[in-house]
Amino acid sequence: MADFDVDLFVIGAGSGGVRAARVASSYGARVMVAEEYRVGGTCVIRGCVPKKLLVYASRFAGEFEDAAGYGWTVGKPTFSWPTLIANKDREIARLEAAYTATLERFKVELVKSRAVLEDAHTVHLMATGKRVKAKNILIATGGWPHMGPNIPGLEHVISSNEAFDLPELPKRIVIQGGGYIAVEFACVFAGLGSDVTLVYRGENILRGFDDDVREHLRNEMRLRGITVACGHTVTAVDKAGDELVVHLSDASKISADKVMFAIGRRPNVMGLGLDKLGCKIHEHGGIEVDANSRTSIPHIYAVGDVTNRVNLTPVAIREGHAFADNVFGGKRVSVDHSNVPTAVFSEPEVGVIGLTEAQARETLDVVDVYKTTFRPMKATLAGRQTRTFMKLLVDGTTDRVVGCHIVGPEAGELIQVVGIAVQMKATKADFDATMAVHPTAAEELVTMREKAVSYSRAAAE
Ligand SMILES: Cc1cc2nc3c(=O)[nH]c(=O)nc-3n(C[C@H](O)[C@H](O)[C@H](O)COP(=O)(O)OP(=O)(O)OC[C@H]3O[C@@H](n4cnc5c(N)ncnc54)[C@H](O)[C@@H]3O)c2cc1C
């Protein structure tokens, strides 16, 4: 048998890679990890964490406004973008150090280098030229912003990567995209005082989400002064002095200080040496893997965004953990990619789990829909025009709750808890039997009694 330097080589110290490395090491494996940028990966360095910090910052403006209705006199608040970014950077550096310390504590060897595959057991470290023989290899290289076709002026356009480090807050920003990253940044910049235009080619934002959620959030964003321009694309960006002129597909123009594209992310598969090995790439662009995250090459595995399954941090972590349990811990663990609760940290937030109404109608014989919209209590004295939306989708045959969709304050926190019930296959009767907590918004989830509508396949045929 060949002599290996390590039992496991992990490429990428992001959410999935770090978890897999430390769990494998805890089972006694000799593990090395290569990271070409910063330990922690997208989530910690330029994704979930800095994004949420910016979201918090952006919400103070509304709080200051709302305070007046509750008797407070707030002087004219001022905001410093450089302070926010410097504080955010300090927190990110702290987290990066904590991740690095965890790897050290678990005796994982960290190499700061780009790594590429030379053959099925050899990793080439670009920083040193060193070659490492590995018994198993895990690819956890994540994804990267996709900037779309090479339109004129694309060099003036930033992605979410740069948005976290702008030297100043743009007075006017055009964001192209309709997914959660575009929507979240639109709400962040609007909350901080920028004039925001969201341009999206489809007919409504948040494709793939429940249609009622999409409609509700779009209206709420408009109420907060965001221009949501659906059915358009950016065709060119001109630089005129300090200003950018954004050309849209309907020949209209918008002046802006910054233009950001958040139109999707691509798995980081390029230049890894996968083609040379004949490692199969799925038609959606991610590395093809089986249910155990094994690629088409024996002893090479892949987890997280590079596999383009469900591109979220908790999923990458779960996949990395399961890989290590299975390959080094002698366990048989599988990752369930259904019923993944998820949030959009827009203003107001979105929290969803399970089927959309369209999916439920497509897959179930009988679908009962419960929904409600109401003015959240806090908005009354504040005088704020906003409404919360909640929807439960119930399998009319089994009474199981198969979908829950919330747009409103703390929807991300709420959906984490509803997720437990849905995961446990709770029925609508279980929801109804749960005592309400009053006065809360969440009590609506256990007090919706009237079906808004019920669809029956048999009745339709
Ligand atoms: C703006 C933004 C906001 C997000 N918000 C959320 C959110 O709120 N909630 C959520 O769950 N998810 C969110 N995500 C998604 C989340 O960040 C990813 O799903 C998660 O980070 C994927 O983890 P990963 O381990 O697959 O890859 P990553 O965390 O991306 O890690 C991959 C690492 O590999 C390194 N690397 C790549 N190639 C090589 C190489 N050849 N050699 C060495 N190192 C290499 C990279 O530098 C990177 O550090 C967000 C993403 C973005 C961009």
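Counting starts at 1 for both ligands and their atoms, following the listed order. Numbering of residues begins at 1 and proceeds along the displayed sequence.
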Using heavy atoms and a 4.0 Å limit, tell me yes or no: is [X] in contact with ligand 1?
X: Arg265; answer: yes
X: Val116; answer: no
X: Gly320; answer: no

Could you tell me the residue and atom name of the protein heavy atom closest to [atom], and the distance to it rounded to 0.1 Å?
atom: atom 15 (C) of ligand 1; answer: Tyr180 OH, 3.6 Å
atom: atom 27 (O) of ligand 1; answer: Gly142 CA, 3.2 Å
atom: atom 9 (N) of ligand 1; answer: Cys48 SG, 3.8 Å
atom: atom 19 (O) of ligand 1; answer: Asp305 OD1, 2.9 Å
atom: atom 2 (C) of ligand 1; answer: Gly47 CA, 3.5 Å
atom: atom 45 (C) of ligand 1; answer: Glu36 CG, 3.6 Å
atom: atom 48 (C) of ligand 1; answer: Glu35 OE1, 3.5 Å
atom: atom 52 (C) of ligand 1; answer: Ile181 CD1, 3.6 Å

Do the charged groups of [X] and [Y] touch, with an N to O distance under 4.0 Å?
X: Lys52; Y: Glu91; result: no
X: Lys258; Y: Glu162; result: no
X: Lys378; Y: Glu63; result: yes
X: Glu155; Y: Lys239; result: no
X: Asp325; Y: Arg318; result: no
X: Lys171; Y: Asp257; result: no

Could you say whether the N/O atoms of [X] and ligand 1 ever approach to under 3.5 Å?
X: Lys51; result: yes
X: Phe164; result: no
X: Ser15; result: yes
X: Arg114; result: yes

Quick one: which of Thr42, Leu54, Ile45, Val111 has a heavy atom closest to atom 28 (P) of ligand 1?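 The residue whose heavy atom sits nearest atom 28 (P) of ligand 1 is Thr42.
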Distance under 4.0 Å to a non-hydrogen atom of Asn311: what atoms of ligand 1 satisfy this?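 Every atom of ligand 1 under 4.0 Å from some heavy atom of Asn311: 15 (C), 19 (O).
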Out of all atoms in ligand 1, which are within 4.0 Å of some heavy atom of Ala34? Include the element for each.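 The list of qualifying atoms is 43 (C), 44 (N).
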Hydrogens and angles aside, do Arg131 and Thr122 bring a side-chain donor and acceptor to less than 3.5 Å of each other?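 Arg131 vs Thr122: no donor-acceptor pair found between side chains.
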Heavy-atom side-chain proximity of Thr235 to Ile151 below 4.5 angstrom: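 A side-chain contact is absent here, since even the closest heavy-atom pair is not under 4.5 Å.
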Can you give each donor-acceptor pair under 3.5 Å made by side-chain atoms of residues 181-193, sequence neighbours left out, with the distance rounded to 0.1 Å?
residue	atom	partner	partner atom	Å
Glu184	OE1	Lys51	NZ	2.8
Glu184	OE2	Lys51	NZ	3.2
Glu184	OE2	Phe345	N	2.7

How many angstroms lie between CD in Gln423 and CG in Asp336, if you round to the nearest 0.5 Å?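 Taking CD in Gln423 and CG in Asp336, the distance rounds to 6.0 Å.
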Hey, could you give me each pair passing ring-ring contact (aromatic ring centres under 6.0 Å, His included) that has a residue in residues 259-304? Not counting sequence neighbours.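 Applying ring-ring contact (aromatic ring centres under 6.0 Å, His included) to every pair that reaches into residues 259-304, excluding sequence neighbours, yields His121-His299, His282-His284, Tyr301-Phe323.
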